[in-house]
Structure formats: C-alpha cells, structure tokens
Amino acid sequence: MKQYVIDELRLEDYKKLKTFMDGNYKSSHLDGIYWIPLEETYLTGIQVEHKECQPFYFAIDLEESMISSEFLI
C-alpha cells in the first residue's frame with residue numbers, strides 16, 4: 001500500500017477540497033475519510049477477474065491542515 005501526504009494544507013484550500021469531496025464522493029462513517037471508487041480501466045487483468053475483492057478505492061483523509069491518500073487495492 002502507498003500513502004501520499006500533504007501536511008501543510010492552507011485553510012482556504014481545505015474548505016475548497018471539502019466542498020468538492022462532499023459534493024462528488026461518498027464519505028465513510030469516519031469524519032474526513034472519503035472513498036473514491038477506481039474505474040475498471042485502471043485495474044490490472046488479475047484485479048478485474050477478482051470480483052470478490054472489489055470494489056477497489058482510492059482513500060482520502062482530509063483534515064484542516066493536511067490531506068493524505070492511499071490506494072486500497
């Protein structure tokens with residue numbers, strides 16, 4: 001699993017990102033965590049075949065001063 005972090009997020013950027021994320025993606029049951037489903041075109045042949053392992057997501061953790069992301073595949 002890979003994780004990417006921006007740890008000096010400006011408050012104005014946080015507000016823009018939160019508005020976008022709330023309007024476009026499903027939030028998890030945890031505040032600030034969003035799940036972005038990966039389209040099948042981005043998956044390898046093996047991942048496409050493994051229907052029981054799907055869906056695959058790109059996870060976003062958005063906080064006032066930072067954003068981090070992980071590939072959950």
Side-chain angles (χ1 to χ4, degrees):
M1 191 175 330
K2 300 271 186 185
Q3 182 179 40
Y4 301 94
V5 177
I6 298 172
D7 61 359
E8 294 183 12
L9 195 60
R10 296 180 305 192
L11 184 58
E12 64 191 52
D13 293 329
Y14 163 78
K15 290 177 182 178
K16 290 177 186 176
L17 286 166
K18 179 151 178 53
T19 298
F20 177 81
M21 297 300 283
D22 287 342
N24 291 284
Y25 297 107
K26 181 173 62 171
S27 179
S28 72
H29 297 296
L30 301 171
D31 192 37
I33 305 292
Y34 299 89
W35 305 106
I36 301 174
L38 294 175
E39 295 179 21
E40 195 170 280
T41 56
Y42 297 113
L43 304 178
T44 66
I46 293 172
Q47 290 168 328
V48 171
E49 290 176 16
H50 284 249
K51 299 293 184 191
E52 67 277 0
C53 297
Q54 295 181 25
F56 296 113
Y57 292 99
F58 186 73
I60 300 288
D61 179 4
L62 180 61
E63 299 177 20
E64 282 190 8
S65 63
M66 72 116 206
I67 185 171
S68 66
S69 58
E70 294 181 2
F71 289 105
L72 301 177
I73 56 174

### Task
With rounding to the nearest 0.5 Å, note down the distance linking CZ in F56 to OG1 in T44.
7.5 Å
### Query
Using links of under 4.5 Å between side-chain heavy atoms of ILVMFWY residues, direct or through other members, which residues join Y42 in one cluster?
none
### Query
Under a single-linkage definition using a 4.5 Å side-chain heavy-atom cutoff for Ile, Leu, Val, Met, Phe, Trp and Tyr, are I67 and Y4 assigned to the same hydrophobic cluster?
yes
### Task
Using the salt bridge (charged side-chain N to carboxylate O under 4.0 Å, His left out) rule, collect all pairs that involve residues 37-53, keeping only residues at least two apart or in two chains.
E40-K51
### Task
Using a cut-off of 6.0 Å, state whether more than 12 heavy atoms not belonging to L11 lie near its atom CG.
yes
### Query
Who are the salt bridge (charged side-chain N to carboxylate O under 4.0 Å, His left out) partners of E12, not counting sequence neighbours?
R10
### Task
Look only at the side chain of Q54 and the backbone of Q47, and say whether a donor-acceptor pair between them is shorter than 3.5 Å.
yes
#### Entry: Pairwise distance OG(S69) to CD(Q3) - rounded to 0.5 angstrom
7.5 Å
Under 3.5 Å, side-chain donor or acceptor atoms of residues 18-25 against the rest of the protein: list the pairs with distances, not counting sequence neighbours.
unit_1, atom_1, unit_2, atom_2, d
K18, NZ, D22, OD2, 3.1
K18, NZ, Y34, OH, 3.4
T19, OG1, K15, O, 3.0
D22, OD1, Y34, OH, 2.6
N24, ND2, F20, O, 2.8

#### Entry: salt bridge (charged side-chain N to carboxylate O under 4.0 Å, His left out) partners of residues 56-68, not counting sequence neighbours, each pair once
none
### Distance (rounded to the nearest 0.5 Å) between L30 CG and W35 CH2
7.5 Å
### Query
With the 4.5 Å side-chain cut-off for hydrophobic clustering, are Y57 and V5 part of the same group?
no
### Task
Find out whether L17 and I60 are in side-chain contact, i.e. whether some heavy atom of one side chain is under 4.5 Å from a heavy atom of the other.
no
### Query
Linking I/L/V/M/F/W/Y whenever any side-chain heavy atoms sit under 4.5 Å apart, do I6 and I36 land together?
yes
### Message
Return the NE2 to CG distance between H50 and L43, rounded to the nearest 0.5 Å.
### Response
11.5 Å
